[in-house]
Number of protein chains: 2
Amino acid sequence: MATNTYSISDLAKEFDVTTRTIRFYESEGLISPARNGQTRVYSDTDRVNLKLILRGKRLGFSLSESKELINLYDPVSGNKKQLQTLIEKIGERRRMLEQQMKDIKVMQHELDEAEARCVEAINNIV
Amino acid sequence: MATNTYSISDLAKEFDVTTRTIRFYESEGLISPARNGQTRVYSDTDRVNLKLILRGKRLGFSLSESKELINLYDPVSGNKKQLQTLIEKIGERRRMLEQQMKDIKVMQHELDEAEARCVEAINNIV
DNA sequence: TCAAAAGCTTACGTTAACGTCAACGTAAAG
DNA sequence: CTTTACGTTGACGTTAACGTAAGCTTTTGA
């Protein structure tokens, strides 16, 4: 496993966000890059976490929700009770994702219908 | 088709939002209920549109995006060019939904893994 | 070598999506 | 007949998620 590092603008370009955005995520505690003096140095882990955040964003997750998600993937540390709580949270997420799945399928179906109406209307014109 | 009507609090209760929210959606031009004097009277169409908005919200759509969606389902009025544009927009939406689908599947997989790690950690304790 | 590019911090600005009063009208129920 | 519930219109407040700008240091390519 090559231990790559990235500058802030590397990641900004790769994921098409501004450096401001990446620094903001850090200030909110979602990423914790190393430092070379003042300069931030991002690891593969940081990069993956950023990826997680942005995937969360595409699904309408808030940053604090994404933060929880990141913590779910963290090294498992804690007692039994904490682990149970984690499993419950995972269950919640799963239920949310399933609801979103349903929503998407319904929408796709509706888009099909909408497109069909459009096509028909065009045919009626021509 | 029974032409039902609803009060604002009817809909608020049914969809678990505040009346303020519903009025806000109207002020943003997403719903246009009839009036009985001052009082708003909602039709089935209004109800469906509200449903659309909230489904959009669950998928992280902005209100203006949901507004576009509502317009996609509207009675097909317009010339050929407009209809082509509409079809393109529908295509965009479809691509977004497909991306979201992918995101969800990846997340579900990751949740599976996270849960497995939790379960294993618990077993190591006990 | 020196100007442009990239990095940093601090701080105020902005937008979306409502929340939260205030102040008032109306209608039914006790 | 008056309290209680529901409705209305402003209008200001709030939070999240950055944008934007200032002012300074560091790095780098011509």
Side-chain angles (χ1 to χ4, degrees), chain A residues 4-43 46-47 49-71 93 96 99-100 103, chain B residues 4-43 46-47 49-71 93 96 99-100 103:
Chain A
N4 299 309
T5 68
Y6 311 87
S7 76
I8 192 166
S9 53
D10 285 342
L11 294 184
K13 277 172 198 164
E14 176 174 0
F15 294 112
D16 195 31
V17 296
T18 67
T19 58
R20 172 70 175 97
T21 297
I22 298 180
R23 289 197 198 96
F24 177 70
Y25 292 160
E26 180 181 352
S27 78
E28 297 291 297
L30 287 99
I31 319 181
S32 331
R35 297 275 179 148
N36 182 4
Q38 287 247 78
T39 306
R40 279 162 250 254
V41 179
Y42 294 86
S43 69
D46 297 321
R47 183 172 167 278
N49 285 351
L50 181 54
K51 213 174 196 170
L52 264 170
I53 298 167
L54 298 176
R55 186 157 61 219
K57 263 194 69 174
R58 286 197 299 272
L59 294 175
F61 288 30
S62 73
L63 289 189
S64 60
E65 286 176 317
S66 288
K67 192 174 175 181
E68 267 203 12
L69 265 181
I70 290 178
N71 292 336
R93 282 297 127 195
M96 278 197 54
Q99 178 60 52
Q100 288 190 307
D103 287 333
Chain B
N4 300 309
T5 69
Y6 310 89
S7 77
I8 192 166
S9 53
D10 285 343
L11 294 184
K13 276 173 199 163
E14 177 174 0
F15 295 111
D16 195 31
V17 296
T18 66
T19 58
R20 173 70 176 97
T21 297
I22 298 180
R23 290 196 196 96
F24 177 70
Y25 293 160
E26 181 181 352
S27 79
E28 298 290 297
L30 286 97
I31 319 180
S32 332
R35 296 276 178 148
N36 182 6
Q38 290 249 75
T39 306
R40 279 162 250 254
V41 180
Y42 295 86
S43 69
D46 297 321
R47 184 172 166 278
N49 286 350
L50 181 54
K51 213 174 194 169
L52 264 170
I53 298 167
L54 298 176
R55 186 157 60 219
K57 263 194 68 174
R58 286 197 299 272
L59 293 175
F61 288 30
S62 72
L63 289 190
S64 60
E65 287 176 317
S66 288
K67 192 174 174 179
E68 266 203 13
L69 265 181
I70 290 178
N71 292 337
R93 281 298 128 197
M96 279 198 54
Q99 177 61 51
Q100 287 191 310
D103 287 334

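Residue numbers begin at 1 in each chain, while the letters A, B, ... track the order of the sequences. All values below were derived from every heavy atom in this structure, side-chain atoms included, with hydrogens, water molecules and symmetry-related copies excluded. Just so it is clear, the model here is predicted, and its values are computed rather than measured.
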Quiz item: Given side chains that start at C-beta, do those of B:Y25 and B:L54 come closer than 4.5 Å, heavy atoms only?
Solution: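 Result yes, sub-4.5 Å side-chain heavy-atom pair found.
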Exercise. Please examine the side chains of A:R93 and A:F61, heavy atoms only from C-beta on, and report whether any two atoms are closer than 4.5 Å.
Key: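 Counting from C-beta outward, A:F61 and A:R93 do come under 4.5 Å.
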Practice problem: Work out which heavy atom in A:P33 is nearest to a heavy atom in A:R40; give both atom names and the distance. | Solution: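 Shortest heavy-atom separation between A:P33 and A:R40 comes out as CG-CG, 3.8 Å.
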Practice problem: Specify the closest pair of heavy atoms between A:V41 and A:D46, including all atoms of both residues, with the distance to one decimal. | Solution: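 A:V41 and A:D46 have their closest heavy atoms at O-OD2, 4.0 Å.
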Taking [atom1] from [X] and [atom2] from [N], how many angstroms apart are they, rounded to a whole number?
{"X": "B:D16", "N": "C:dC18", "atom1": "CG", "atom2": "P", "value": "13 Å"}
{"X": "A:L30", "N": "D:dA17", "atom1": "CG", "atom2": "P", "value": "9 Å"}
{"X": "B:F15", "N": "C:dC18", "atom1": "CZ", "atom2": "P", "value": "15 Å"}
{"X": "A:K57", "N": "C:dA16", "atom1": "NZ", "atom2": "P", "value": "15 Å"}
{"X": "B:I53", "N": "C:dA17", "atom1": "CD1", "atom2": "P", "value": "11 Å"}
{"X": "B:F24", "N": "C:dT20", "atom1": "CZ", "atom2": "C1'", "value": "15 Å"}
{"X": "B:L63", "N": "C:dC18", "atom1": "CG", "atom2": "C1'", "value": "9 Å"}

Inter-residue atom distance [X].[atom1] - [Y].[atom2], 0.5 Å rounding:
{"X": "B:F15", "Y": "B:I22", "atom1": "CZ", "atom2": "CD1", "result": "8.5 Å"}
{"X": "A:I31", "Y": "A:I53", "atom1": "CD1", "atom2": "CD1", "result": "4.0 Å"}
{"X": "A:E14", "Y": "A:R47", "atom1": "CD", "atom2": "CZ", "result": "4.0 Å"}

Quiz prompt | Residues, nucleotides or ligands: over 12 heavy atoms within 6.0 Å of A:N4 CG | solution =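 Yes, enclosed.
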Quiz item: Below 4.0 angstrom from OP1 or OP2 of C:dC18, is there any side-chain N or O of B:T18?
Solution: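 Answer no for this pair, as no side-chain N or O of B:T18 is under 4.0 Å from OP1 or OP2.
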Quiz prompt | Phosphate-side-chain proximity, B:Y25 and C:dC18, N/O vs OP1/OP2 below 4.0 Å | solution =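 Looking at the OP1 and OP2 atoms of C:dC18, one of them is under 4.0 Å from a side-chain N or O of B:Y25.
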Quiz prompt | Proximal nucleotide (of D:dC18, C:dA17, C:dG19) relative to the B:T21 side chain | solution =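 That would be C:dG19.
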Self-check item: With B:D103, the side-chain hydrogen bond (donor to acceptor under 3.5 Å, both in side chains) member among A:Q100, A:R55, A:R58
Solution: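 Passing option: A:R58.
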Between the protein and nucleotides 22-25 of chain C, list the N/O to N/O atom pairs that are separated by less than 3.5 angstrom.
none

Practice problem: Give A:S64 one of three labels, base, sugar-phosphate or nothing, depending on what nucleic acid heavy atoms sit under 4.0 Å from its own. | Solution: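 No contact.
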Quiz item: In B/S/- notation, 5' to 3', how is nucleotides 7-15 of chain C contacted by protein heavy atoms closer than 4.0 Å?
Solution: SSB-B----
